[in-house]
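Scope of the values below: all heavy atoms of this structure, side chains included, with no hydrogens, waters or symmetry mates. First the proteins, then the strands, lettered A, B, ... as listed; each starts at 1.
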2 protein chains.
Amino acid sequence: MNFQQLRSVREAVRRGFNLTEVAHALHTSQPGVSRQIRELEDELGVELFVRAGKRLTGLTPPGDQLLPIVERLLCDVDNLRNAAQDYASQDSGTLSIAATHSQARYALPSAVKDFRALFPRVTLSLHQGSPQQVAAMLLAGEADIGIATEALTQYEQLTTLPCYRWTHSVVVPPNHPLLDGAPLTLERLSRFPIVTYDAGYTGRTHIDEAFAQQAIHPQIVLTAMDADVIKTYAELELGVGIVASIAFDEERDRNLRAIDAGHLFAVNLTRLAFRKGHFLRGYVYSFIETFAPSLTRAVVEQAQQSPDENA
Amino acid sequence: MNFQQLRSVREAVRRGFNLTEVAHALHTSQPGVSRQIRELEDELGVELFVRAGKRLTGLTPPGDQLLPIVERLLCDVDNLRNAAQDYASQDSGTLSIAATHSQARYALPSAVKDFRALFPRVTLSLHQGSPQQVAAMLLAGEADIGIATEALTQYEQLTTLPCYRWTHSVVVPPNHPLLDGAPLTLERLSRFPIVTYDAGYTGRTHIDEAFAQQAIHPQIVLTAMDADVIKTYAELELGVGIVASIAFDEERDRNLRAIDAGHLFAVNLTRLAFRKGHFLRGYVYSFIETFAPSLTRAVVEQAQQSPDENA
DNA sequence: TATCCTTACGGAATTCGTAAGCATG
DNA sequence: CATGCTTACGAATTCCGTAAGGATA
């Protein structure tokens, strides 16, 4: 048994059982991969993959049970490397962050700035994607930490920690009727076409829930993955924008006015996540604490050890 | 990085940093081991071992931190093999049990008998030792499950589950004054010399506690690791024996009489233990349930997953 | 001086990629 | 017939044990 065999198996599952693709991913030849898998199966005495003729099509029951062990094993290989590097080169290395647009654009910049000053020799790589993509990157070991408001708690294999709470705001052009000073209600809001986030992004769930609860069916004329797009169309008077309050900046958004909507939609909780069992280098803890001061190293380490909590 | 390197490191720690011994344990040459370790250190970029001149004397801080990861990694290698075998040869394999004398001699036989009938093709290996040795065998991966009354809960890396409760009995020759029918008390007991278990064995802790609580200092004239020795000397009238009730058998021990001492000493709880993260083959669950019917597969699997419980 | 680790060297086994073969949709 | 897995083979590399060297208690 060796690591290459295990990597071949893991990659085969990830790449949909196409060994040619696996070979590319692992920078080796296709017959090589084929052999690695076959040899592992021989050694273990079980077929891990279902074969339709010569083609692999899925995992057998034993394969299904062994895969998590293989994953954990390879994860530990990374952990070993990371932990060693943490000593070998204390303050240099890579920090890979996966985040949604909202976080990358509005929440992270200040933490990133401070972190770069503290750890100039750490290469930061920031990957933007949907909450699902953020989770996928964490699970694949491609990112150390992920930050998003939605979806992260859904994954068995991720540990999540609360970072901060925030609410939505309504953004409208300066001459808009909603700026008449009367209290903002869902009912009033629903009289206007609405521009907001795509389903599954940045607290959209809470927006939908609020309307549904009052049996109001708002006319949503445009959805986008990020606040910048939403604000752009709110300026064009396509509709009333609903964005995260954090995404409105008086200085920059001079063509818009914000109305707090914290009382209309449930409070959102942005979470930080990492893969269970994934080793975090020393500076990763520093970054986390810079981003969310309540998440001290002790807090994060404890969350890592008691995998059942979802505080 | 490869498994042999990791095994060399693990074994070096286990064998007190003597690479010559490690080489024997791993069935290879001493320079080989030396090289494995050096190469791993080179690859990781950290020294794992403290070297005094040419001699290894201990772990460096990074070594200390990496060791648990190495252990888990190698444990998963075993898990992979075991899980595979569970499919490859469902009902054949090996079940290794570590137990104290009391358990091996009095509690296990019936479970072993039933298990052998159910799984004739499984090779049973039963290792007897002190509670500490039982724990050590589990930690070293040499035994699948361990059974003992003492000490097992002390180990961070072991998961333990309660099997059954039992109390002590006093055993004396047929003509002994304690058989006069008057209630047995610690005070009366302490008037006679006592023969019982060694410290750290089979509920000895509770015996000491009971006497200490009443500030009685019994005269313990002989201690032994097992009830058979104790009973032998009780027969020879060296002193009054205190043994686990389960160890007294009216049929066999015709030269002795037992007096229940359940009210004198705290109730003992015999526990079953296994290493956290250690894969258990299907028939292991069967054995456990045969031994302690309350420990169904579901119960055991749950204990495996929530490592913080010590119910 | 005995123990124990390192370095040096050479043979053996393993590994891996290329090329050819074959099944499937 | 294009895609995708397997088998075959040979070269290169890696691996590992023996033997010799050096440091320490």
Side-chain angles (χ1 to χ4, degrees), chain A residues 1-60 62-63 66-67 70 73-74 77 81, chain B residues 1-60 62-64 66-67 70 73-74 77 80-81:
Chain A
M1 192 186 307
N2 62 50
F3 294 121
Q4 194 65 5
Q5 292 168 350
L6 301 177
R7 271 188 219 106
S8 301
V9 168
R10 177 178 68 176
E11 214 58 31
V13 176
R14 288 193 182 163
R15 311 263 160 185
F17 311 102
N18 181 327
L19 299 196
T20 310
E21 238 180 274
V22 172
H24 286 134
L26 298 181
H27 306 105
T28 181
S29 69
Q30 185 275 318
V33 172
S34 195
R35 200 172 29 231
Q36 302 291 0
I37 290 177
R38 179 67 76 182
E39 280 175 7
L40 182 62
E41 288 180 324
D42 284 351
E43 182 175 344
L44 293 177
V46 229
E47 302 243 307
L48 301 176
F49 293 96
V50 175
R51 287 165 172 83
K54 286 198 170 183
R55 229 155 272 212
L56 306 201
T57 58
L59 283 171
T60 59
L66 295 204
L67 186 65
V70 171
L73 220 152
L74 292 172
V77 174
R81 292 222 162 84
Chain B
M1 193 186 308
N2 61 51
F3 294 122
Q4 194 66 3
Q5 293 169 349
L6 301 177
R7 270 187 220 106
S8 301
V9 168
R10 178 178 68 176
E11 214 58 30
V13 176
R14 287 193 183 163
R15 311 263 159 185
F17 311 104
N18 182 327
L19 300 196
T20 311
E21 236 181 275
V22 172
H24 287 134
L26 298 182
H27 307 105
T28 181
S29 69
Q30 184 275 317
V33 173
S34 196
R35 200 172 28 229
Q36 302 291 358
I37 291 177
R38 179 68 74 183
E39 281 175 6
L40 182 63
E41 288 181 324
D42 285 352
E43 182 175 345
L44 293 177
V46 231
E47 302 243 308
L48 300 176
F49 294 96
V50 176
R51 287 165 173 83
K54 286 199 169 182
R55 228 155 275 211
L56 305 201
T57 59
L59 282 171
T60 59
D64 214 46
L66 295 205
L67 185 66
V70 171
L73 220 151
L74 291 172
V77 173
L80 220 46
R81 292 222 161 85

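In this structure, B:Arg15 and B:Thr20 have side chains that are not in contact, with every pair of non-hydrogen atoms separated by 4.5 Å or more.
As a whole-Å value, the separation of A:Glu39 CD from D:dT7 C1' is 13 Å. Atom CZ of A:Arg35 and atom P of D:dA8 are 12 Å apart (whole Å). If you measure from atom CD of B:Glu47 to atom P of C:dC5, you get 15 Å, rounded to the nearest angstrom. Here the C1' atom of nucleotide C:dC22 and the CD atom of A:Gln30 are 13 Å apart, to the nearest Å. Atom-to-atom, CZ of A:Arg7 to C1' of C:dT15 comes out at 15 Å; the value is rounded to the nearest Å. Separating the CZ atom of A:Phe3 from the P atom of C:dT15 is a distance of 14 Å, rounded to the nearest angstrom. Atom CD1 in B:Ile37 sits about 9 Å away from atom P in C:dC5, given to the nearest Å. At whole-Å resolution of the value, CE in B:Met1 and C1' in D:dT14 are 18 Å apart.
Each of A:Gln4 and B:Leu19 lies near DNA chain C, and the nucleotide nearest B:Leu19 is the one positioned closer to the 5' end. The nearest heavy atom of DNA chain C to A:His27 and to B:Pro31 marks one nucleotide each, and the one closer to the 5' end goes with B:Pro31.
Using a 4.0 Å heavy-atom cutoff across all strands shown, A:Phe49 reaches no nucleic acid atom at all. Counting any heavy atom pair closer than 4.0 Å across all strands shown, B:Gly53 reaches sugar-phosphate atoms only and no base atom. Contact annotation for A:Arg38: backbone-only contact, meaning every heavy-atom pair under 4.0 Å involves sugar-phosphate atoms and none involves a base.
Between B:Thr20 and C:dT3 there is no side-chain N or O to OP1 or OP2 distance below 4.0 Å. The shortest distance between the side-chain N/O atoms of A:Thr28 and the OP1/OP2 oxygens of C:dC16 is not below 4.0 Å. Within the 4.0 Å cut-off from OP1 or OP2 of D:dC16, at least one side-chain nitrogen or oxygen of B:Gln36 is found. Here B:Asn18 reaches the OP1 or OP2 of C:dC5: one of its side-chain N or O atoms lies under 4.0 Å away.
Not a single donor-acceptor pair under 3.5 Å links the side chain of A:Glu43 to the backbone N or O of A:Leu40. Proximity of a side-chain donor or acceptor of A:Thr57 to a complementary backbone N or O of A:Arg51 within less than 3.5 Å is not detected.
Remark: the A:Arg55 side chain and the D:dT3 base include a donor-acceptor N/O pair separated by less than 3.5 Å.
Taking only side-chain atoms of B:Ser29, from C-beta outward, the nucleotide of D:dT18, D:dA23, C:dA23 with the closest atom is D:dT18.
The aromatic rings of B:Phe3 and A:Phe3 sit tilted relative to each other, their planes meeting at an angle between 30° and 60°.
Between B:Arg7 and B:Glu11 no salt bridge is recorded (no basic side-chain N to carboxylate O distance below 4.0 Å).
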